[in-house]
2 protein chains.
Amino acid sequence: MHYTRDNMAGLLRSHDINPTHQRIEIAHALFSRQEHLSADQVMAIVNTRHSETSKATVYNTLKLFLEKGLVREVIVDPSKVFFDPNTGPHHHLYEVDTGKLSDIDAAHVQISGLPPLPPGMVTEGIDLIVRVRRKA
Amino acid sequence: MHYTRDNMAGLLRSHDINPTHQRIEIAHALFSRQEHLSADQVMAIVNTRHSETSKATVYNTLKLFLEKGLVREVIVDPSKVFFDPNTGPHHHLYEVDTGKLSDIDAAHVQISGLPPLPPGMVTEGIDLIVRVRRKA
DNA sequence: CACCAATCTGGACTTTGTCTAATTTCCGGA
DNA sequence: TCCGGAAATTAGACAAAGTCCAGATTGGTG
């Protein structure tokens with residue numbers, strides 16, 4: 001599957017998002033790379049040639065994608081949030097010294113023995129982050 | 001066990017930290033409450049009566065405590081880092097709408113099926129965060 | 001007491017992200 | 001086609017968390 005801009009329009013529509021120019025560019029940045037990007041990185045990519053998309057739009061759009069379930073938010077680094085185009089069940093491997101973030105397929109990972117939730121609460125999500133470092 | 005300021009001095013020494021006035025106050029704030037506090041909250045607590053400790057010192061001290069293994073860093077909220085006086089094995093329950101953070105004892109939680117680490121890497125830690133929300 | 005190293009401080013600065021008021025774009029109907 | 005309004009975008013001011021630095025304080029040792 002190629003992540004062309006045209007396909008992006010369809011993807012956005014299927015998530016109930018009005019596919020504008022800027023939104024298509026931002027979706028394309030995320031999905032064509034299949035990588036975890038910060039808002040900063042998205043802005044840099046989208047504005048490589050000529051400055052086309054404002055900071056406010058990048059933030060608004062990423063938040064919109066989040067609400068519509070098109071991307072997931074990954075919080076591993078206190079200084080910036082990453083956006084993850086992979087919304088399937090998976091965990092994360094974070095290389096502390098380089099800042100590199102990669103996926104761990106959840107298919108074979110089992111988490112058991114969690115205590116019951118406090119009453120009246122529902123699970124929003126379970127984040128499992130394995131922090132690693134290059135051996136000394 | 002009471003977390004008196006005198007006991008704090010001993011705790012700091014046992015972690016190879018020179019127990020200064022400010023460090024004792026900061027340790028006391030964290031350990032007497034046994035709660036997750038942000039840098040901001042620590043500063044507010046320490047400076048309730050008269051302003052005694054500068055922002056720089058609060059941040060430096062918390063970073064020092066972190067390096068010396070006296071506290072743990074919990075990254076759940078993109079806007080601020082929490083510091084956790086509990087360094088035993090445990091996970092976290094985060095109430096998304098209220099920002100309340102609590103511990104989950106790791107004793108009965110089992111995580112299995114994680115893939116092998118990339119070669120040359122060592123695990124720094126595994127963070128498991130259960131995000132919950134009040135039922136609609 | 002004097003000295004030196006460690007520590008602390010105020011404040012300027014940086015970075016990430018939010019907000020707002022004004023403009024631009026898009027689309028349906030006359 | 002032209003118009004009007006809603007949706008989207010924009011620049012830039014602003015806010016909050018955290019870093020950095022140069023100078024002042026502190027504390028222990030000879």
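Naming: A, B, ... by sequence-line order, numbering from 1 per chain.
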* Relative to the 5' end of DNA chain C, which residue comes earlier, A/Ser79 or B/Thr53, by the nucleotide with the nearest heavy atom? -> B/Thr53
* Asked: Which nucleotide in the set C/dA6, D/dG18, C/dT16 lies at the smallest distance from any side-chain heavy atom of B/Asn18?
  -> C/dA6
* **Separation of D/dA8 C1' from A/Leu62 CG (nearest whole Å)** => 15 Å
* To do: Go through the N and O atoms of the side chain of A/Lys55 and the base of D/dG12, and report whether any donor-acceptor pair is under 3.5 Å.
  => no
* Rounded to whole angstrom units, what separation is found between the NZ atom of A/Lys63 and the P atom of D/dA8? -> 15 Å
* Asked: So which nucleotide from C/dC8, C/dT20, D/dA17 ends up closest to the side chain of A/Ala56?
  -> C/dT20
* Round to a whole Å and report the spacing from CE of B/Met43 to C1' of D/dA17. => 10 Å
* To do: Assess the side chains of A/Tyr94 and A/Asp77: does a donor N or O sit below 3.5 Å from an acceptor N or O?
  => yes
* **Separation of D/dA8 P from A/Gln22 CD (nearest whole Å)** => 11 Å
* Mind checking B/Ser38 for me? I need base, sugar-phosphate or nothing, with any heavy atom below 4.0 Å counting as a touch. => nothing
* Calculate the interatomic distance between B/Ile24 atom CD1 and D/dG27 atom C1'; express it in whole Å. => 13 Å
* Only one of B/Leu128, B/Leu93, B/Ile129 clears side chain to side chain contact (heavy atoms under 4.5 Å, CB included) with B/Ile104; which? -> B/Leu93
* Atom-pair distance (CG on B/Leu64; P on C/dA6), nearest Å -> 13 Å
* **Protein-nucleotide distance (B/Ile75, atom CD1; D/dA17, atom C1'), rounded to Å** => 14 Å
* To do: Give the nucleotide from the list C/dT7, D/dG18, C/dT9 with an atom nearest to the side chain of B/Thr57.
  => C/dT9
* Asked: Within the pair B/Thr20 and D/dT26, is there a side-chain N or O less than 4.0 Å away from OP1 or OP2?
  -> no
* Asked: Once you round it to whole Å, what is the distance between C1' of C/dC8 and OH of B/Tyr59?
  -> 17 Å
* If we only count heavy atoms from C-beta on, is the B/Val58 to B/Val46 side-chain gap below 4.5 Å? -> no
* Considering only side-chain heavy atoms of B/Arg23, which listed nucleotide, D/dG12, D/dG18, C/dT7, is closest? -> C/dT7
* **B/Asn47 (side chain) donor-acceptor with B/Thr53 (main chain) under 3.5 angstrom** => yes
* With a 3.5 Å cut-off and no angle check, do the side chains of B/Thr4 and B/Asn7 form a donor-acceptor pair? -> yes
* To do: Tell me which nucleotide among C/dT20, C/dT16, C/dT9 gets nearest to the side chain of B/Asn60.
  => C/dT9
